[in-house]
Amino acid sequence: MGLANLPRDRKEFLENVSRKAFYYEQEYHGCCEATLLALLESFNIPLTHLKAATGFAAGIGLRGLTCGALCGGVMAIGLIFGRSYEDYISHDPAKKRYVALRLAKNLVDRFREQFGGTTCKEVQTRVLGRWYDLWDQDQYRMFNEAGGHDPRGCPSVCGKAARLAAEIILDELSSRKA
């Protein structure tokens with residue numbers, strides 16, 4: 001689907017975005033990359049942007065800060081609705097910047113409502129019962145044993161984050177067509 005065309009079946013489109021993000025996280029890990037890749041593919045955005053997501057895994061550098069899945073959704077919103085280089089250097093501070101910020105805020109608010117917070121620490125605690133420091137090999141092993149990469153763990157978070165971001169993107173695109 002290109003950005004000019006909205007999907008014919010919104011429900012099927014959203015389920016597909018969610019499935020892709022779930023699969024990528026479960027198979028390859030990297031919550032931000034998984035979420036962003038599902039959105040890039042679904043909205044036909046060049047995949048070259050994926051590299052920017054690498055350092056956001058497990059709360060930015062595996063530190064438990066802002067959830068990588070949330071970051072991936074915000075990145076997709078910025079790629080579609082954010083300012084271009086030309087907008088930036090021409091001091092277009094209002095319209096494009098505001099749209100991306102408004103949509104990112106919407107995603108953050110909906111993500112917080114779904115997961116009880118926006119940090120990897122909060123999300124892992126909600127989903128797995130505690131936060132795991134993935135730099136520590138013993139804790140990384142315990143994370144996996146607790147289901148970190150199982151269907152109820154991070155893949156589920158990525159699927160839900162990608163779906164939330166896709167809903168917000170589709171809603172904005174639909175409002176522009178009206």
Side-chain angles (χ1 to χ4, degrees), residues 1 7 9-80 104 106-170:
M1 177 194 110
D9 186 335
R10 179 184 170 106
K11 182 179 177 187
E12 180 182 324
F13 179 84
L14 293 170
E15 287 172 6
N16 191 39
V17 170
S18 181
R19 267 193 307 273
K20 284 181 179 188
F22 181 101
Y23 169 78
Y24 290 139
E25 208 306 309
Q26 187 173 38
E27 186 69 23
Y28 305 108
H29 310 317
C31 46
C32 187
E33 293 164 306
T35 304
L36 182 60
L37 179 56
L39 292 162
L40 293 174
E41 288 179 343
S42 299
F43 287 100
N44 198 27
I45 300 168
L47 302 181
T48 55
H49 300 292
L50 184 63
K51 291 171 83 172
T54 304
F56 290 88
I60 306 173
L62 309 180
R63 298 311 305 149
L65 303 171
T66 304
C67 173
L70 175 58
C71 291
V74 171
M75 291 172 81
I77 288 169
L79 286 166
I80 295 170
N106 187 357
L107 178 58
V108 167
D109 292 345
R110 292 177 65 186
F111 187 93
R112 179 181 286 123
E113 184 179 305
Q114 176 96 35
F115 295 105
T118 60
T119 70
C120 181
K121 288 181 180 181
E122 293 167 321
V123 173
Q124 277 189 29
T125 300
R126 165 77 62 93
V127 173
L128 301 174
R130 64 163 280 201
W131 176 68
Y132 297 89
D133 179 353
L134 300 184
W135 282 111
D136 180 293
Q137 291 301 312
D138 289 333
Q139 287 194 42
Y140 185 75
R141 179 186 44 76
M142 291 187 305
F143 168 81
N144 282 317
E145 289 171 358
H149 292 297
D150 291 348
R152 70 179 185 87
C154 294
S156 175
V157 175
C158 291
K160 290 173 183 173
R163 183 185 184 103
L164 289 172
E167 287 173 351
I168 290 166
I169 292 166
L170 289 176

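All residue numbers refer to positions in the sequence shown, counting from 1. Just so it is clear, the model here is predicted, and its values are computed rather than measured.
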Visitor: With side-chain hydrogen bond (donor to acceptor under 3.5 Å, both in side chains) as the rule and sequence neighbours excluded, what pairs involving residues 158-169 come up?
Guide: R110-E167, R163-E167

Visitor: In this structure, are over 12 heavy atoms from other groups packed under 6.0 Å from E27 atom CD?
Guide: yes

Visitor: L14 and A166: which non-hydrogen atoms are nearest, and at how many Å?
Guide: CD2-CB, 3.6 Å

Visitor: For R19, enumerate each residue passing the side-chain hydrogen bond (donor to acceptor under 3.5 Å, both in side chains) test, keeping only those at least two apart in sequence or located in another chain.
Guide: none

Visitor: Write down the atom of L170, the atom of P7, and the distance for their closest heavy-atom approach.
Guide: CD2-CD, 3.6 Å

Visitor: Let me check something: any side-chain donor-acceptor pairs from residues 138-151 under 3.5 Å, sequence neighbours excluded? List them with distances.
Guide:
{"from": "Q139", "atom 1": "OE1", "to": "R130", "atom 2": "NH2", "distance (Å)": "3.1"}
{"from": "Q139", "atom 1": "OE1", "to": "D133", "atom 2": "N", "distance (Å)": "2.7"}
{"from": "R141", "atom 1": "NH1", "to": "E145", "atom 2": "OE1", "distance (Å)": "3.2"}
{"from": "R141", "atom 1": "NH1", "to": "E145", "atom 2": "OE2", "distance (Å)": "3.2"}
{"from": "N144", "atom 1": "ND2", "to": "Y140", "atom 2": "O", "distance (Å)": "3.4"}
{"from": "H149", "atom 1": "ND1", "to": "E25", "atom 2": "OE1", "distance (Å)": "3.0"}
{"from": "H149", "atom 1": "ND1", "to": "H29", "atom 2": "ND1", "distance (Å)": "2.8"}
{"from": "H149", "atom 1": "NE2", "to": "H29", "atom 2": "ND1", "distance (Å)": "3.4"}

Visitor: Which residues pass the side-chain contact (heavy atoms from CB on, under 4.5 Å) test with A57, sequence neighbours left out?
Guide: L62

Visitor: Run the ring-ring contact (aromatic ring centres under 6.0 Å, His included) test against Y24 and tell me which residues pass, sequence neighbours left out.
Guide: none

Visitor: Check salt bridge (charged side-chain N to carboxylate O under 4.0 Å, His left out) between D136 and all other residues, then give those that pass, not counting sequence neighbours.
Guide: none

Visitor: State which residues pass side-chain hydrogen bond (donor to acceptor under 3.5 Å, both in side chains) with Q124; sequence neighbours excluded, sorted by chain then number.
Guide: none

Visitor: What pairs of residues pass the salt bridge (Lys or Arg N to Asp or Glu O under 4.0 Å) test when at least one of them lies in residues 43-61, not counting sequence neighbours?
Guide: none

Visitor: Partners of T119 by side-chain contact (heavy atoms from CB on, under 4.5 Å), sequence neighbours excluded?
Guide: K121, E122

Visitor: What pairs meet the salt bridge (Lys or Arg N to Asp or Glu O under 4.0 Å) rule with one or both residues in residues 67-76, with sequence neighbours excluded?
Guide: none

Visitor: Using the side-chain contact (heavy atoms from CB on, under 4.5 Å) criterion, which residues pair with V74? Sequence neighbours excluded.
Guide: L70, A104, L107

Visitor: Under 3.5 Å, side chain of T35 to main-chain N/O of C31, donor-acceptor pair present?
Guide: yes

Visitor: Sequence neighbours left out, what passes side-chain contact (heavy atoms from CB on, under 4.5 Å) with R152? Give chain and number order.
Guide: L128

Visitor: Backbone N or O of R63 within a donor-acceptor pair of the W135 side chain at under 3.5 Å?
Guide: no

